[in-house]
Amino acid sequence: MGRSMTWIFGYGSLVWRPGFPFEERRPAWIRGWQRRFWQGSPDHRGVPGRPGRVVTLIASDGARCDGMAYRLADDTAAGVLTALDHREKAGYRRLVLPLYAPDGSDAPFAEGLCFAAAPGNPDWLGPAPVAEMAAQIRERHGPSGPNLEYLARLEAALRELGVSDPHVEELWRATRAPE
Ligand code: BEZ
């Protein structure tokens, strides 16, 4: 039997906590999408009525979003996808996109599946002034923990990967600025 071709691309919590078995992982990026803390989380990093802010992908010409790609084993792929659909249920839908390696190769190394919440879904929060988003992230908590921990872990994981994401860095600085 050949190698499994099922790849998952993570750009949020899946960067630091995939929570599923995989055969291989490698840093990757996707073209034409940017990471934004514009999706409400009423079930992980907040609660209904007081949602946290978590990342989604926004289509943007020429943009690049860096994250981590995971290759699944054939015998676990179906179960992993079902579990992810459940874990990420609030507003997220699957996308299949070409995955590029950070080494500068022009051709994608694979196609990967990722999850994006589209504008207008029931938990959509959309853009807001940085100070407002930072205040929300500082205050909100949900069953998976504090919203601030989600941002802190994402910021640390991207820094470890050597990835610069101005949106994440700006929000992280704003949560740490004195009020
Ligand atoms: C991710 O980490 O890639 C992810 C972000 C939002 C929903 C599901 C997964």
Side-chain angles (χ1 to χ4, degrees), residues 6-22 24-48 51-60 63-72 76-102 108-127 133 136-137 140 142-161 163 165 167-169 171-172:
T6 307
W7 287 85
I8 305 267
F9 175 75
Y11 61 96
S13 61
L14 298 187
V15 178
W16 78 84
R17 186 178 63 93
F20 53 76
F22 54 87
E24 175 188 353
R25 108 171 113 188
R26 56 187 287 189
W29 60 276
I30 53 175
R31 193 190 292 280
W33 296 85
Q34 58 190 8
R35 177 176 16 234
R36 288 290 180 267
F37 271 79
W38 291 357
Q39 176 66 2
S41 173
D43 53 356
H44 283 298
R45 299 290 174 165
V47 293
R53 273 192 179 262
V54 292
V55 288
T56 184
L57 292 174
I58 305 297
S60 172
R64 163 176 173 157
C65 176
D66 281 82
M68 186 65 84
Y70 302 89
R71 186 169 59 79
L72 305 183
T76 58
V80 167
L81 295 184
T82 304
L84 282 174
D85 281 339
H86 180 73
R87 168 174 154 187
E88 311 300 349
K89 62 183 181 302
Y92 288 91
R93 293 290 173 269
R94 294 181 185 186
L95 292 179
V96 177
L97 297 170
L99 303 182
Y100 295 89
F109 67 84
E111 287 213 310
L113 194 151
C114 63
F115 293 84
N121 74 78
D123 297 302
W124 177 254
L125 295 176
M133 291 195 283
Q136 226 171 3
I137 290 170
R140 303 285 161 97
S144 300
N147 203 173
L148 187 56
E149 179 199 49
Y150 174 99
L151 171 58
R153 286 185 176 245
L154 180 58
E155 191 276 338
L158 294 178
R159 192 157 25 85
E160 268 173 39
L161 282 175
V163 167
D165 183 323
H167 174 73
V168 174
E169 289 163 15
L171 271 176
W172 176 236

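Every number for a ligand or one of its atoms is a count from 1 in the order of the listing.
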Under 3.5 Å between some N or O of ligand 1 and some N or O of [X]?
X     : value
Val55 : no
Gly12 : yes
Tyr92 : no

Close aromatic pair by centroid cut-off 6.0 Å: Trp29 and Phe9: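 No: the rings miss the under 6.0 Å criterion.
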Tyr92 ring center within less than 6.0 Å of Phe115 ring center: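 No; Tyr92 has its ring centre 6.0 Å or more from that of Phe115.
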Close-contact set for ligand 1 against Leu14 heavy atoms, below 4.0 Å: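 Those atoms are 1 (C), 2 (O), 3 (O), 9 (C).
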Contacting atoms of ligand 1, where contact means under 4.0 angstrom from a heavy atom of Phe9: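 Matching atoms, with element in brackets: 3 (O).
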Distance-only donor-acceptor check, side chains Gln34 and Asp165, under 3.5 Å: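 Their side chains do not contain a donor-acceptor pair, so the 3.5 Å distance test is not met.
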Ring geometry between His167 and Phe37 (parallel below 30°, tilted from 30 to 60°, perpendicular above 60°):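 Answer is tilted, since the angle falls between 30° and 60°.
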contact_flag Ser13 ligand 1 heavy-atom lt 4.0 Å: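 Yes, Ser13 has heavy atoms under 4.0 Å from ligand 1.
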With sequence neighbours excluded, residues passing side chain to side chain donor-acceptor pair (under 3.5 Å) with Arg64: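 Applying side chain to side chain donor-acceptor pair (under 3.5 Å) to Arg64 gives Asp66.
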